[in-house]
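Written below as structure tokens is the structure these notes are about.
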Amino acid sequence: MSKVSLPQGTRDFSADVVRKRNYIFNTIRSVFELYGFQPLETPAMENLETLMGKYGDEGDKLIFKILNNGLDRPEKKEKTIAAFENILAGKNNTAITERALRYDLTIPFARFVAMNHQQLVMPFKRYQIQPVWRADRPQRGRYREFYQCDADIVGSNSLINEVELTNIYATVFKQLGIDVSIRINNRKILAALAEVCGGADKMIDITIAIDKLDKIGIDKVKEELTNKGLNESQLNTIEKYLQIDGDNRSKLQKLNSLIGISAIGKKGIEEIEFILNHTSTKTLPIVTDFTLARGLNYYTGIIFEIQATQVKMGSIGGGGRYDNLTSTFQVPDIPGVGISFGVDRIYDVMDELQLFPKDVQTGTQVLFFNLGNLESDAAFNLMQQLRNKHISCEIYHEQAKFDKQFKYADKKGINYIVIIGSQELADKTCTIKNLLTGKQQTITQDELLDFVF
RNA sequence: GAGGUUGUAGCUCAGUUGGUUAGAGUGUCAGAUUGUGGCUCUGAAGGUCGGGGGUUCGACUCCCCUCAAUCUCCCCA
């Protein structure tokens, strides 16, 4: 074992992995652009105070903080020690750390909007594909450095935006070849359930409990809610709510009879109906799921979650509507709605189902054999001309036996080799061989430049 | 943050109740093979057994600590 190592939860990506990941990134990016979203990049680090308090207590603990420089300067000693005592007491102290690594893309985006909202053309549609860092305990599919791909629309309350985002999900996963179900729900419906159960203040407890339904079963959910102080008739309502089934339309009908008396519940149902009416459920795999809650507390309307249907895996995407994105940055509430793609999990799903196209791995297309000084000079010249035609080529790094040069091409997955030896040099020809078919032909050097690889 | 499992060559893994010089397959490199690869054969390199400490005459093996991977909970992508 080597002594050099990687920090916990981080990874190197070798060529074949990078190519496959780029295939996913490029697919997502091109669809974002197709729908009129603009790119945004923000710094790897933010001021600590920008991030703290935005992700809940658990989230705050998982933020990577950056140690200030110059703490060892003698004149700062007293201050540093005092600040360190503060840290030990569980408080933050900017004398020791005032910057932190980006934890997600949403809060930096909110910060950006708060700083620039007067210049931005509203509604502002941005997408962002960058790594984020979390001091989480790594597990399968969970890392301390991973990429997020977000698209958000801010400054508009229109449900057209939700429809567009639903279509983006459908388009991306269709292009990638992954069968998914797009589960949707509405926070307003969850709020109405809490209201009807006589405990509007219990909404958080109720949503956390019912979100676990498929994991722990209905009895455990009821048990958990009893412990939170819900009574028998409230539990009955929730049980009826959880038993709603059928297709999307009949689910909404049953839901309406249960919580339709609540104004906010009616609104929530109407919003979901709007999405269903403006998308084709024949082609889009939209499934209403009233148990869907999603962890982040800032969602206020429609929420999404994407599940791969052929592989057992956590969600590979999610998002929703929020009404108060910028309020914590002293800017009047700007509403928005956004979605996110989990690239690392999408990669795992595609790898398992072997969905990556074969040509993803094509690197160098042509290898020129190196058969001597004069020969390689001629090869060099031709190689540069091919490169000008956007054909990626390389020349073997030294004169060597055929055997070695063939094996090099084989290992690197190069499909064509071009041989220019003394004979070809004299004739101004070259021999080109397709390593997949084994066929070879000798053509003039001029013809090589127009060869279709 | 709590608990469990695992860690031996680049990779996949053997290694007996603690016993002398830790093995195999695969991969790598060289040769058989001086203008036609993938096969075959021969040979070589590659490990202070994740790291540190302890018990012992003696530790890959037993104990403690630590690091990493992985699983469950929590939380999430």
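Throughout, a chain's letter reflects where its sequence line sits, starting with A, and its residues are numbered from 1.
With a cut-off of 3.5 Å on both pairing distances, the Watson-Crick or G-U wobble partner of B:rC13 is B:rG23. Pairing partner, B:rA2: B:rU72, with both Watson-Crick or wobble hydrogen-bond distances short of 3.5 Å.
A close approach under 4.0 Å does occur between a side-chain nitrogen or oxygen of A:Lys401 and OP1 or OP2 of B:rA32. The phosphate of B:rU28 has OP1 or OP2 within less than 4.0 Å of a side-chain N or O from A:Lys411. Checking the phosphate oxygens (OP1, OP2) of B:rC67, no side-chain nitrogen or oxygen of A:Gln8 falls inside 4.0 Å.
Judged by atom type and distance alone, A:Gln405 does not reach the base of B:rU36 through any side-chain donor-acceptor pair under 3.5 Å. The base of B:rG35 does not come close enough to the side chain of A:Glu375 for any donor and acceptor atom to sit less than 3.5 Å apart. Below the 3.5 angstrom threshold, one finds no donor paired with an acceptor across the side chain of A:Asp403 and the base of B:rG37. Side-chain atoms of A:Arg137 stay outside donor-acceptor range of the base of B:rG4, with no qualifying N/O pair under 3.5 Å.
When distances run from any side-chain atom of A:Arg142 to the nucleotides B:rA69, B:rC76, B:rC29, the shortest one goes to B:rC76.
Look at the C1' atom in both B:rG35 and B:rU42: the space between them is 25 Å, to the nearest Å. Atom C1' of B:rC64 sits at a distance of 32 Å from the matching atom of B:rC11, rounded to the whole Å. Distance check on atom C1': B:rA14 versus B:rG25 gives 10 Å, rounded to whole Å.
Rounded to an integer number of Å, the gap from NZ of A:Lys404 to P of B:rG38 is 14 Å.
Looking at A:Asn157 and A:Arg321, their side chains come closer than 4.5 Å, going by heavy atoms from C-beta outward.
Note: A:Phe290 and A:Tyr241 have tilted aromatic rings, judged against thresholds of 30 and 60 degrees for the angle between ring planes.
With respect to the salt-bridge test (charged N to carboxylate O, under 4.0 angstrom), the residues A:Glu394 and A:Lys412 qualify.
Taking the six-membered ring for Trp and the full ring otherwise, A:Tyr127 and A:Tyr35 have centroids separated by 6.0 Å or more.
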